[in-house]
Protein chains: 2
Amino acid sequence: MKKTRNTQKQDFVIDILTNAKHTMSVEAILKAMPIKVNKTTVYRILERFAEKGKVHFVTGEDGKAYYALCNDCNIKHEMHNHIHFQCKSCKKVTCLPYEIDVPELKNFEIQETQFLMIGICDMCIS
Amino acid sequence: MKKTRNTQKQDFVIDILTNAKHTMSVEAILKAMPIKVNKTTVYRILERFAEKGKVHFVTGEDGKAYYALCNDCNIKHEMHNHIHFQCKSCKKVTCLPYEIDVPELKNFEIQETQFLMIGICDMCIS
DNA sequence: GTATTATTGCAACATTGTTGCTTTAGTGTA
DNA sequence: TACACTAAAGCAACAATGTTGCAATAATAC
């Protein structure tokens, strides 16, 4: 296992994701940063956290990656079988408390799952 | 309903997707074209077909859009509740014959679904 | 304090997709 | 067939997201 260091910027990313009510794009995380941080830094912080299982991400319909803290992942081979919802109005991607039963696929090795539903969220539907 | 025209290039796109064993990126479709076609043209052809329900697309983990012919869609509000599988080895995205039971979400308007599983496909697992 | 090296910053780049505008070419009508 | 209309295609420039290599900075161990 590679050695790691604790840095203020990593802590800020964790703080931001902890307080987030929905998954966040890198752009959104950058804007939420209380200090100036380079985008490459945020990409690499998230990359490291994803490897460690601290965060997970979904790819939105828009092709952008959206990150969220992992609440109950095991460190390795974590599966994220809950559903994400992307709102076409406010663009936010939310983790929903629904689990999907993943079918067993013979001769396929499943490493990750991304279940995304797209439409209008409860906040925007009014 | 807007008038449409039949063109050779549109036909080629349909031919290519018909013969495809898996979903295709715009880049792959361009390469498969027997004649030179501008990428904007392919994007717009696919956009029109998606509106008409002739094709559907999934966004891969890589953020790219992958297109496939629709076999049994109704023209409007089509739902594509089958699973797609993206292979990390060969990068191909395949439509799998599994349907997902979509939960009812109160106060959410669900317009589309994208269920993606990521790993190693049966051709690459050897 | 000093050495080591993980982390960050910077600049340049790659890729995917989009936009505005002009040109080309299907289609209907005479 | 000739013409008008306009959908479709082409082109160039752009935007957004994400990546890479390398130099600078700073966290940790000694």
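These values consider heavy atoms only, across backbone and side chains, with no hydrogens, waters or symmetry-generated copies. Each chain gets a letter, A, B and so on, in the order its sequence line appears, and its residues count up from 1. Worth saying up front: this structure is predicted, and the values here are computed from it rather than measured.
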Visitor: A/Val26 has a side chain; which of D/dG18, C/dC10, C/dG17 sits nearest to it?
Guide: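 Closest of the options to the side chain of A/Val26: D/dG18.
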Visitor: Given atom CD of A/Glu47 and atom P of D/dT17, what is their separation to the nearest angstrom?
Guide: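 Interatomic distance, CD of A/Glu47 to P of D/dT17: 18 Å.
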Visitor: Between atom NZ in A/Lys9 and atom C1' in D/dA27, what is the gap in whole Å?
Guide: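 Atom-to-atom, A/Lys9 to D/dA27, this comes out as 13 Å.
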Visitor: Tell me yes or no: between the side chains of B/Arg5 and B/Gln10, is some donor less than 3.5 Å from an acceptor?
Guide: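 Result is no, nothing qualifies.
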Visitor: Among side-chain atoms of B/His84 and B/His22, is any donor-acceptor pair under 3.5 angstrom?
Guide: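 No.
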Visitor: In the 5'-to-3' direction, what one-character label does each nucleotide of nucleotides 25-30 of chain C receive under the scheme B = base within less than 4.0 Å of a protein heavy atom, S = sugar-phosphate only, - = no such atom?
Guide: BBS---
Visitor: Considering only side-chain heavy atoms of B/Glu27, which listed nucleotide, C/dT16, D/dA9, C/dT8, is closest?
Guide: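 Out of C/dT16, D/dA9, C/dT8, the nucleotide with an atom closest to B/Glu27's side chain is C/dT16.
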Visitor: To the closest 0.5 Å, what do you measure between CG (B/Asn107) and CD1 (A/Ile125)?
Guide: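 Between atom CG of B/Asn107 and atom CD1 of A/Ile125 there are 6.5 Å.
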Visitor: Rounded to whole angstroms, how far apart are CE on A/Met33 and C1' on C/dG9?
Guide: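 Rounded to whole Å, this separation is 14 Å.
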Visitor: Run B/Lys92 and B/Tyr66 through side-chain contact (heavy atoms from CB on, under 4.5 Å) and show every step you take.
Guide: CA-CA 9 Å; B/Lys92 285 174 186 166; B/Tyr66 290 86; over 6 Å; no
Visitor: Just call it for A/Lys39: base, sugar-phosphate, or nothing, with non-hydrogen atoms closer than 4.0 Å on any strand.
Guide: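 Base contact.
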Visitor: Could you tell me whether the side chain of B/Arg44 has a donor or acceptor atom within less than 3.5 Å of a complementary atom in the base of C/dG17?
Guide: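 No pair found.
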Visitor: Quick one about A/Gln111 and A/Glu109 (side-chain donor to acceptor, distance below 3.5 Å, no hydrogens or angles considered), yes or no?
Guide: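 Result is yes, a qualifying pair exists.
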Visitor: Working to the nearest 0.5 angstrom, can you tell me the gap between A/Ile14 CD1 and A/Ile45 CD1?
Guide: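 Taking CD1 in A/Ile14 and CD1 in A/Ile45, the distance rounds to 9.0 Å.
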Visitor: Which nucleotide, C/dG9, C/dT19, D/dT19, lies nearest any side-chain atom of A/Tyr43?
Guide: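 Nearest nucleotide to the side chain: D/dT19.
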Visitor: Could you check whether A/Arg48 gets within reach of a base, just the sugar-phosphate, or nothing at all, counting any heavy atom under 4.0 Å?
Guide: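 Sugar-phosphate, backbone atoms only, no base.
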